[in-house]
Amino acid sequence: MAQEQTSIRERQRTDLREPRLYKVYIHNDDFTPMEFVVMILMTVFHKPNAEATSLMLKVHHSDKAVVGVYTYDMAVTKATRAKQMAEQEGYPLRITYEPD
C-alpha cells in the first residue's frame, strides 16, 4: 500500500515594524564652550557648520535642543561618544535621549 505524501505549507505571519526612534538632546551648561558644542555637533552628529552653530545657539537660549533622531543603538552610540569627548576635555556636557 503506497502512502500519499501531502505537502502542507504553513503560512507564517511576519509582523515587521519600523524600529522605534529616539531623540537625542544636548543640554545647556555654563562651562562647556560654545565652540566645543559646535565641534561635537559637526563630528559626532555630522551637522554642517551653519546647522551646528544654529543648534548650539538654540541650546544656549532654551536649555536643550534635539540634535538628532535615531534608532536606539545609534542614539546610545552617538550620546556616549559625545559624552566621552566632553569628559576627555573636562567639560560637563550633558546629552540625553528619549523615545520619540
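Computation of the quantities below employed the complete heavy-atom set of this structure, encompassing side-chain atoms and omitting hydrogens, waters and symmetry-equivalent molecules.
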From L55 atom CG to H60 atom NE2, the distance as rounded to the nearest 0.5 Å =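 Separation between the atoms: 14.5 Å.
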ask   = Once you round to the nearest 0.5 Å, how far does CD1 of I26 lie from CE of M56?
value =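 Rounded to the nearest 0.5 Å, the CD1-CE separation comes out at 11.0 Å.
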Which atom pair, heavy atoms only, marks the closest approach of [X] to [Y]?
{"X": "V44", "Y": "R81", "answer": "CA-NH1, 3.9 Å"}
{"X": "D29", "Y": "L93", "answer": "OD2-CA, 3.6 Å"}
{"X": "A52", "Y": "M42", "answer": "CB-CG, 3.7 Å"}
{"X": "V69", "Y": "D100", "answer": "CG1-OD2, 4.1 Å"}
{"X": "I40", "Y": "A82", "answer": "CG2-CB, 3.8 Å"}
{"X": "F36", "Y": "E89", "answer": "CE1-CG, 3.6 Å"}

request  = Give the C-alpha distance, both sets of side-chain angles, the deciding distance and a yes or no for side chain to side chain contact (heavy atoms under 4.5 Å, CB included) between E51 and N49.
outcome  = CA-CA 6 Å; E51 186 179 355; N49 190 15; over 6 Å; no
message = Does F31 form a side chain to side chain contact (heavy atoms under 4.5 Å, CB included) with Y91? I'd like the steps, not just the answer.
response = CA-CA 7 Å; F31 305 103; Y91 300 127; 5.5 Å; no
Any chain of hydrophobic side-chain contacts (each under 4.5 Å) joining [X] to [Y]?
{"X": "F45", "Y": "L57", "value": "yes"}
{"X": "L41", "Y": "Y25", "value": "no"}
{"X": "V67", "Y": "M74", "value": "yes"}

[X] side chain vs [Y] backbone, donor-acceptor pair below 3.5 Å:
{"X": "K23", "Y": "G68", "result": "no"}
{"X": "K83", "Y": "I95", "result": "yes"}
{"X": "T43", "Y": "M39", "result": "yes"}

ask   = T71 and R20: side chain to side chain contact (heavy atoms under 4.5 Å, CB included), yes or no, with the steps?
value = CA-CA 6 Å; T71 60; R20 189 171 193 180; over 6 Å; no
key: Pair Y70 + Y22: ring centers closer than 6.0 Å   =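 That pair fails the under 6.0 Å test.
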ask   = Any idea how Y97 and Y72 line up, ring-wise: parallel (<30°), tilted (30 to 60°), or perpendicular (>60°)?
value =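 The rings of Y97 and Y72 stand perpendicular, inter-plane angle above 60°.
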